[in-house]
Amino acid sequence: LQPLKRKLLGKALDYYQRFLKENRGDSELSVELADSYFRVGNITEEIESVAAAEPHFQSAAKIQRALLARSPSEATLKESLSDSLNAIGRVEQRSQNFDAAQAAYDESLRLRGELASAKPDDREYARKLANVRMNSGLLKVRKKQPDAAAADYEAAQQIRQKLLDETKPDAVTRDF
C-alpha cells in the first residue's frame, strides 16, 4: 500500500501547497494558513524528508505565535502552536539539533500544561501533555541525561496511568 499512500499524500500536498500560494497574504485566513503549513510539514516529513518539513512547521508556528499574541487565552491557538512546536522538536531531534529540539519541547510543554490545568477533565489535553513530556525524555536520552529522561518518562506515565484509571482505554493505551 506504500505506493498508494505516497500518491494520496502527494495529492494532498499539492492541494495544500496551492492553497498556501493562493492565500499567503490573506490575514483573514491566518488560522487556515497555519493549519495548512502544519499539514504540509507532516506530509513532507512522511514522503520527502525531515529537513524539508522543518520550514513548514516553522511557518505554522510563526503565524500561530502572532495569532496567540493577539488572543492569548484562546485555547485552540495554544493547542495548535503546541502541536507545531512538538513537531519542530521532533524534526530538530532527528536532525540532531538537540538544543533547538529541547527549546521547542519546553515551549510546547508549557502551553500544553496551561491547557491541561485550565481543563483538567479534557483527556486530549492531558494525553498531549504526556506525549510532549515523553518526547522530552526521549531527547534527554539522546543528550545522555538519563536521570532527567527518567523523570520525564515517569511524569508522562503518571498522566497516562491516571487517564487509564478514569475511563476505558483509547489512544492513551497505545501511548502508555
Side-chain angles (χ1 to χ4, degrees), residues 5 9 13 16 34-69 72 74-120 122-165 169-176:
K5 179 180 178 182
L9 287 174
L13 182 61
Y16 285 116
D35 185 53
S36 294
Y37 276 117
F38 181 76
R39 290 178 186 202
V40 166
N42 280 328
I43 294 168
T44 301
E45 184 178 5
E46 178 77 24
I47 66 174
E48 197 172 323
S49 72
V50 170
E54 199 255 343
H56 302 294
F57 292 132
Q58 292 288 356
S59 293
K62 181 179 178 182
I63 294 169
Q64 291 158 340
R65 278 192 180 97
L67 290 167
L68 194 56
E74 179 60 45
T76 57
L77 294 175
K78 282 184 183 183
E79 184 177 14
S80 295
L81 177 56
S82 76
D83 290 345
S84 293
L85 290 165
N86 192 52
I88 290 167
R90 184 180 66 242
V91 166
E92 294 291 3
Q93 182 174 342
R94 288 182 183 164
S95 300
Q96 298 189 17
N97 297 324
F98 296 149
D99 291 340
Q102 191 65 62
Y105 286 148
D106 288 347
E107 190 177 354
S108 180
L109 187 61
R110 180 185 59 79
L111 291 167
R112 288 179 177 185
E114 289 173 11
L115 291 166
S117 292
K119 288 194 170 183
D122 189 308
R123 291 178 55 78
E124 188 62 10
Y125 287 163
R127 188 185 75 77
K128 284 184 172 186
L129 176 61
N131 287 353
V132 75
R133 177 68 75 182
M134 184 64 73
N135 289 345
S136 179
L138 292 168
L139 173 63
K140 288 173 183 167
V141 167
R142 304 240 357 239
K143 292 170 61 176
K144 302 196 182 338
Q145 299 172 342
D147 293 339
D152 279 345
Y153 292 160
E154 181 64 28
Q157 294 301 73
Q158 283 178 357
I159 294 168
R160 291 171 175 155
Q161 186 63 59
K162 183 176 183 272
L163 291 171
L164 288 172
D165 290 345
D170 53 7
V172 176
T173 304
R174 179 201 66 228
D175 295 345
F176 187 82

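For the salt bridge (charged side-chain N to carboxylate O under 4.0 Å, His left out) condition, the pairs that include at least one residue of residues 78-87, sequence neighbours left out, are Lys78-Glu114, Glu79-Lys128, Asp83-Arg112, Asp83-Lys128.
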Does the pair Glu46 and Asn42 meet the rule for a side chain to side chain donor-acceptor pair (under 3.5 Å), with working shown? CA-CA 6 Å; Glu46 178 77 24; Asn42 280 328; over 6 Å; no
Take Asn131 and Asn86, measure what side chain to side chain donor-acceptor pair (under 3.5 Å) needs, and give me the verdict at the end. CA-CA 9 Å; Asn131 287 353; Asn86 192 52; over 6 Å; no
For Ser80 and Asp35: C-alpha separation, side-chain torsions, deciding distance, then whether side-chain contact (heavy atoms from CB on, under 4.5 Å) applies. CA-CA 8 Å; Ser80 295; Asp35 185 53; over 6 Å; no
Given Phe98 and Glu92, is the side-chain contact (heavy atoms from CB on, under 4.5 Å) satisfied, shown in steps? CA-CA 7 Å; Phe98 296 149; Glu92 294 291 3; over 6 Å; no
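Ala104 approaches Gly89 most closely through the heavy-atom pair CB-N, 3.6 Å. Looking at every heavy atom in both residues, Asp152 comes nearest to Gly137 through OD2-N, 3.4 Å. In plain terms, the two heavy atoms of Leu163 and Arg127 that are nearest each other are CD1-N, 3.9 Å. In terms of heavy atoms, Phe38 sits closest to Ala60 at N-CB, 3.8 Å. When all heavy atoms of Thr44 and Ala53 are compared, the closest pair comes out as CG2-N, 3.7 Å.
Using modelled atom types, one side-chain atom of Ser108 and one backbone atom of Ser82 make a donor-acceptor pair closer than 3.5 Å. With hydrogens and angles ignored, the 3.5 Å screen pairs a side-chain donor or acceptor of Ser117 with a backbone N or O of Gly113. At distances below 3.5 Å, at least one donor-acceptor pair connects side-chain atoms of Asp122 with backbone N or O atoms of Tyr125.
The ring-ring contact (aromatic ring centres under 6.0 Å, His included) check on Tyr105 picks up nothing, with sequence neighbours excluded. Take Arg90 and apply the side chain to side chain donor-acceptor pair (under 3.5 Å) test, not counting sequence neighbours, and it matches Glu45.
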